[in-house]
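Working notes, beginning with the structure itself.
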Amino acid sequence: SGVQLSITEFYRST
Amino acid sequence: MLELRLVQGSLLKKVLEAMKDLVTDANFDCSATGFSLQAMDSSHVALVALLLRSEGFEHYRCDRNITMGMNLNNVSKLLKCAGNDDIITIKADDGGDTVTFMFENPKQDKISDFEMKLMDLDSEHLGIPDAEYHAIVRMPSLEFSRICKDLSSIGDTVVISVTKEGIKFSTRGDIGNANIVCRQNTTVDKPEEATVIQMNEAVSLTFALRYLNSFTKATSLSETVTISLSSELPLVAEYKIADMGYIKFYLAPKIED
């Protein structure tokens with residue numbers, strides 16, 4: 001149930 | 001040259017056990033600050049960040065910043081050869097392609113060394129800015145582990161809500177649904193048994209239980225876990241490693257279809 005978001009949608013590469 | 005001597009070798013064994021099911025290969029970074037790692041799971045849903053500060057080592061020599069790619073399952077296998085009371089020393093040469101783990105027993109009459117080939121990993125490093133969280137809950141790590149385990153026998157996802165009432169964990173599955181509420185409780189014998197809720201704003205988010213269950217592999221590292229929640233951010237579950245640093249797990253939420 002629901003859509004799993006990804007960590008990379010919140011934090012950017014450095 | 002890199003040489004790190006950790007008297008409490010069991011800490012490193014526990015750290016590897018806590019990460020190896022979530023992450024397959026990872027780069028360990030060594031600098032004057034300490035021994036650290038940041039890695040995502042293969043589906044990029046969760047992230048682990050480890051820091052073991054240089055001051056926590058009995059001897060810490062790191063002449064230049066060095067990145068060492070390792071397969072965590074293999075490191076875990078090597079560390080299983082170390083006794084719980086052993087002193088562990090990690091050694092590597094600048095520009096070399098191997099790392100050596102040396103184990104000394106407390107009586108100093110058995111010394112083992114294991115050399116492992118390093119890997120060239122192309123891993124992504126994410127910038128995680130400091131954030132103000134809507135709610136921060138500190139609770140006994142064993143309690144959190146128990147809740148995640150119990151709820152995963154009923155459902156796959158958990159809704160974690162923090163209100164003035166406390167922190168509520170809810171799940172639903174084929175057999176029915178379940179709610180577990182932990183209220184703030186500071187009237188305990190030991191501070192580590194307390195549940196402390198700091199709430200700026202009520203928050204409610206949905207997470208996949210299998211990742212939370214994986215995070216609880218760190219339970220033996222710390223008697224407490226701190227869970228930080230904000231409606232616009234991944235959950236953070238932090239296990240402090242006494243006198244040394246922390247292991248933090250980040251988990252992206254699930255949203256409605």
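Every chain is numbered from 1 and lettered A, B, ... according to where its sequence line falls, protein lines coming before strand lines. This structure is a prediction, so every number in the text was calculated from the model and none was measured.
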So does B:Asp21 have more than 12 non-hydrogen atoms from other groups sitting under 6.0 Å from CG?
yes
Please indicate whether A:Glu9 has more than 12 foreign heavy atoms, meaning atoms of other residues, nucleotides or ligands, lying under 6.0 Å from its CD.
yes
Donor-acceptor pair, side chain of [X] and main chain of [Y], under 3.5 angstrom:
X	Y	value
A:Gln4	B:Ala252	yes
A:Ser6	B:His44	yes
A:Thr14	B:Gly127	no

Against chain A, work out which of B:Glu256, B:Met40, B:Lys254 has the most heavy-atom pairs shorter than 4.5 Å and name it.
B:Lys254
CG (B:Leu47) and CZ (A:Phe10) are apart, to the nearest 0.5 Å, by 12.5 Å
Between OH on residue A:Tyr11 and CD on residue B:Glu124, distance to nearest 0.5 Å:
14.0 Å
Taking the side chain as C-beta and beyond, is there a heavy-atom pair between A:Ile7 and B:Leu126 under 4.5 Å?
yes
Residue B:Thr157 versus chain A: region with a heavy atom under 4.5 Å
side chain
